[in-house]
Amino acid sequence: MKLATFNVNSVRARLPNLMEWLDTAQPDVVLLQEIKVETGGFPQMGDWHCAVHGQKTYNGVAILSKTPVEIISTSLVPDDPQARYLEARIGGVTVIDVYVPNGNPVENEKFPYKLRWLEALYERAKVLLHEETPFLIGGDFNIIPQAVDCHNPTAWEGDALYRPETRAKWHQLCHLGLADAFRALHPNEAHAYTFWDYQAGAWQRDNGIRIDHFLLSPQIADRLVSCTIDKAPRGKDKASDHTPLILEIEP
DNA sequence: ATGGTTGTTCCACAA
């Protein structure tokens, strides 16, 4: 079973690139973030089953699946006005699609909102682990876990993606027993990025960061086959600033 | 240190 997570930075602006990539990569399940469209405005996706939690202009998450997908929840933080969470069941697996708040600038309310959001995700993961539900969390976490996950750590000091409080939340999730699928299989690999800014030639200079992740519950981690970054979409015309992360698990 | 780019929307805001 091949799953992918892809922050498309507007599903409508990215539709030709997305369709081409789906045709090439042939995933079974795709977690999309930043669809930037209301739920009802999500494009027709042919024979894909779609679960969508969208809003106007900003944010928005969706799951595409070759097999039926049942929405379990679209709410993580109570009364969250921002569409960032989608929990669904596909076959026997609970698939959670997240678009974690960016958190910048750290001086205003955006940073505590990010930390509250991550705390709620931690609490949800604890419940699912206690229930022994096989699950995975994929998406744009807006977290650079370690120095090796960015080109120039000094440049990220103080940024909400790399602040100690942010990375502490990530490590709390991992210490619950969730596996960072990419890092588990590529322990020391550097320059393994999933995002390159549009600005200042970041892509050409490989000035990237690894912020898109799959976290696996123990039952899913036992089925882990591979986890790879598909850099090709980032090099296309009209590319998103993110590129897909692909996860293969035993059926 | 600054500026660099993209998407949505209506021009600033988010990333």
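All chains are named by letter (A, B, ...) in the order of the sequence lines, taking the proteins before the strands, and each is independently numbered beginning at 1.
Side-chain contact check for A/D159 and A/N104: at least one donor-acceptor pair (N or O, by modelled atom type) lies under 3.5 Å. Between A/W21 and A/D230, the side chains place a donor N or O and an acceptor N or O closer than 3.5 Å (distance only, hydrogens not considered).
A/I72 belongs to no hydrophobic cluster, as no Ile, Leu, Val, Met, Phe, Trp or Tyr side chain comes under 4.5 Å of its own.
A ring-centre distance under 6.0 Å is found for A/H213 and A/W170.
For A/D28, the salt bridge (charged side-chain N to carboxylate O under 4.0 Å, His left out) criterion is met by no residue, not counting sequence neighbours. Taking the salt bridge (charged side-chain N to carboxylate O under 4.0 Å, His left out) definition, one finds that A/R163 meets it with A/E165, sequence neighbours left out. A/R183 is linked by a salt bridge (charged side-chain N to carboxylate O under 4.0 Å, His left out) to A/D149, counting only residues two or more places apart in sequence or in another chain.
Comparing A/N59 and A/Q199 by the nucleotide of DNA chain B whose heavy atom lies nearest to each, the residue mapping closer to the 5' end is A/Q199. If A/Y58 and A/A13 are placed on DNA chain B by their nearest nucleotide, the residue sitting closer to the 5' end is A/A13.
Contacts between residues 143-159 of chain A and DNA chain B, counted as heavy-atom distances below 4.0 Å, involve no residue at all. Looking at residues 5-12 of chain A, you'll see A/N9, A/S10 sit with a heavy atom under 4.0 Å from some atom of DNA chain B.
Distance CZ (A/R234) to P (B/dT5): 13 Å, rounded to an integer number of Å. Distance A/D197 CG to B/dA14 P: 16 Å, rounded to the nearest Å. The interatomic distance linking A/H242 (NE2) with B/dT6 (P) rounds to 15 Å, in whole Å. Here the C1' atom of nucleotide B/dT5 and the CZ atom of A/F195 are 10 Å apart, to the nearest Å. Per the geometry, CZ belonging to A/R205 stands 14 Å off C1' belonging to B/dT5, to the nearest Å. Taking atom CG on A/N207 and atom C1' on B/dT5, their separation rounds to 14 Å, with Å as the unit. Look at CG on A/L15: it is 19 Å from P on B/dT6, rounded to the nearest Å. Spacing between atom CG of A/N104 and atom C1' of B/dA15 amounts to 9 Å, rounded to whole angstrom units.
Contacts of A/R84 with the nucleic acid, taken as non-hydrogen atoms under 4.0 Å apart, involve only primed sugar atoms and P, OP1 or OP2.
Taking the P atoms as reference points, B/dG3 lies 22 Å from B/dG7, given to the whole Å. Taking the C1' atoms as reference points, B/dA15 lies 14 Å from B/dG4, given to the whole Å. For the P atoms, the distance linking B/dT2 with B/dT6 amounts to 23 Å, nearest Å. Separation of the P atoms belonging to B/dT5 and B/dA1 is 22 Å when rounded to the nearest angstrom.
For A/E123 and A/K126, the salt-bridge test passes: some basic side-chain N is under 4.0 Å from an acidic carboxylate O.
Checked against B/dA15, B/dG4, B/dT8, the side chain of A/A200 finds its nearest nucleotide in B/dG4. If you check B/dG7, B/dG4, B/dT8 against the side chain of A/K238, the one that comes closest is B/dG7. With B/dG4, B/dA15, B/dT6 as the candidates, the nucleotide lying closest to the side chain of A/Y198 is B/dT6.
Applying side chain to side chain contact (heavy atoms under 4.5 Å, CB included) to A/F6 and the options A/L18, A/L245, A/N17 leaves one that passes, A/L18.
Neither OP1 nor OP2 of B/dT6 sits under 4.0 Å from any side-chain N or O of A/R14. Between A/K36 and B/dA15 there is no side-chain polar atom (N or O) within less than 4.0 angstrom of OP1 or OP2.
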Might you work through the salt bridge (charged side-chain N to carboxylate O under 4.0 Å, His left out) test for A/R116 and A/D80, ending with a clear yes or no?
CA-CA 11 Å; A/R116 278 203 312 279; A/D80 192 348; over 6 Å; no
